[in-house]
Amino acid sequence: MEVVCIDRQDKVPLGKGVRDLVRRAAREAARVAGGEIKGELSVALMDDETITELNRRFLGHDYPTDVLAFPPGETRPGRSARVAGDIAISVETASRQAQEYGITLDQEIALLVAHGVLHLLGYDDAPGMEEEMRKKEAQVLSALGYGQRE
């Protein structure tokens with residue numbers, strides 16, 4: 001799986017290693033879930049305003065959220081690799097949540113990447129599957145050297 005990370009926001013400063021963290025978190029989430037994502041996974045880091053627009057347009061919710069996952073669409077022209085999906089993360093929301101939970105922004109971003117990848121692999125926040133999803137997220141964080149968010 002090729003992971004492309006694009007920082008489309010300028011509200012929250014990010015460390016130089018964030019793109020590598022995103023790639024590692026995505027690959028680890030796929031490994032932990034026992035799933036395979038073929039093709040290119042795009043992870044866009046954005047601000048609250050942009051993710052609110054996506055949330056409104058695709059889910060009908062007029063507020064910012066932390067992460068959205070969009071399943072694969074179509075094959076890109078001129079490429080044999082199928083697009084694996086897209087993940088959008090609000091860095092502003094992630095920053096607030098990191099402060100609320102007393103963790104680093106990097107840890108929160110890793111968690112949100114894992115959450116998005118798990119959605120792309122069929123996991124859901126619905127009762128019954130939510131607990132399994134949280135366990136997988138904790139495994140990803142542990143593998144990346146982070147503790148579990150409370």
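Residues L111 and V113 do not share a hydrophobic cluster, defined by chaining ILVMFWY side chains whose heavy atoms lie under 4.5 Å apart. V43 and V67 fall within a single hydrophobic cluster, where Ile, Leu, Val, Met, Phe, Trp and Tyr are joined by side-chain heavy atoms under 4.5 Å apart, directly or via other members. L41 and L45 fall within the same hydrophobic cluster, defined by Ile, Leu, Val, Met, Phe, Trp and Tyr side-chain heavy atoms under 4.5 Å apart, directly or through other members. L118 and L141 fall into different hydrophobic clusters, where Ile, Leu, Val, Met, Phe, Trp and Tyr residues are linked whenever their side-chain heavy atoms come under 4.5 Å apart, directly or through other members. Note: the hydrophobic cluster containing L112 also contains V18 (ILVMFWY, side chain heavy atoms under 4.5 Å, direct or indirect links).
D7 places a side-chain heavy atom less than 4.5 Å from the side chain of R19. In this structure the side chain of V117 reaches within 4.5 angstrom of the side chain of I87, judged on heavy atoms. Contact of the V91 side chain with the D48 side chain is not registered, since no non-hydrogen atoms from C-beta on lie closer than 4.5 Å. Taking 4.5 Å as the limit, some side-chain heavy atom of L14 sits within range of a side-chain heavy atom of Q9. A heavy-atom distance below 4.5 Å is not found between the side chains of I51 and N55. The shortest side-chain heavy-atom distance between D106 and Y146 falls under the 4.5 Å cut-off. Proximity of V3 to V22: side-chain heavy atoms (C-beta onward) are separated by under 4.5 Å at one or more points. With contacts defined as side-chain heavy-atom distances shorter than 4.5 Å, the pair D124/M133 does not qualify.
Here L21 contributes atom CG and L105 contributes atom CG; the two are 9.5 Å apart, rounded to the nearest 0.5 Å. In this structure, OG in S90 is found 6.5 Å from CG in D47, a value given to the nearest 0.5 Å. Residue D86 holds its CG atom at 8.5 Å from CD of E40, rounded to the nearest 0.5 Å. Considering CG of L68 and NE2 of H61, their distance stands at 9.0 Å, rounded to 0.5 Å. Rounded to the nearest 0.5 angstrom, L144 CG and R27 CZ are separated by 12.0 Å. Atom OG1 in T93 sits 11.5 Å away from atom OH in Y63 (nearest 0.5 Å).
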* **Stepwise salt bridge (Lys or Arg N to Asp or Glu O under 4.0 Å) check, E92 with R96** => CA-CA 6 Å; E92 286 183 281; R96 286 191 304 274; 5.1 Å; no

* Please test I6 against V4 for side chain to side chain contact (heavy atoms under 4.5 Å, CB included), starting from the C-alpha separation and ending with a verdict. => CA-CA 7 Å; I6 303 162; V4 176; 4.1 Å; yes

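Considering all non-hydrogen atoms of both residues, M129 and G122 come closest at SD-O, 3.7 Å. Here the closest non-hydrogen pair linking A84 and G39 is CB-C, 4.2 Å. The nearest pair of heavy atoms linking A69 to G116 is CB-O, 3.6 Å. In this structure, A25 and A110 approach most closely via the heavy-atom pair CB-O, 3.9 Å. The two atoms that bring M1 and A30 nearest to each other are CE-CB, 4.1 Å, heavy atoms only. In terms of heavy atoms, A29 sits closest to A114 at CB-CA, 3.8 Å.
Using modelled atom types, no side-chain atom of E108 and backbone atom of A94 make a donor-acceptor pair closer than 3.5 Å. With hydrogens and angles disregarded, no donor-acceptor distance shorter than 3.5 Å links the side chain of S142 to the backbone of A138.
A salt bridge links R134 with D125: the closest approach of a Lys/Arg side-chain nitrogen to an acidic carboxylate oxygen falls below 4.0 angstrom. Using a cut-off of 4.0 Å between Lys/Arg side-chain N and Asp/Glu carboxylate O, K136 and E132 are scored as salt-bridged.
Atom CZ of R56 has more than 12 heavy atoms from other residues, nucleotides or ligands within 6.0 Å. The local environment of CD in E53 is crowded, with over 12 non-hydrogen atoms from other residues, nucleotides or ligands closer than 6.0 Å. No more than 12 heavy atoms of other residues, nucleotides or ligands lie within 6.0 Å of CD in E131, so this atom counts as exposed by the packing criterion.
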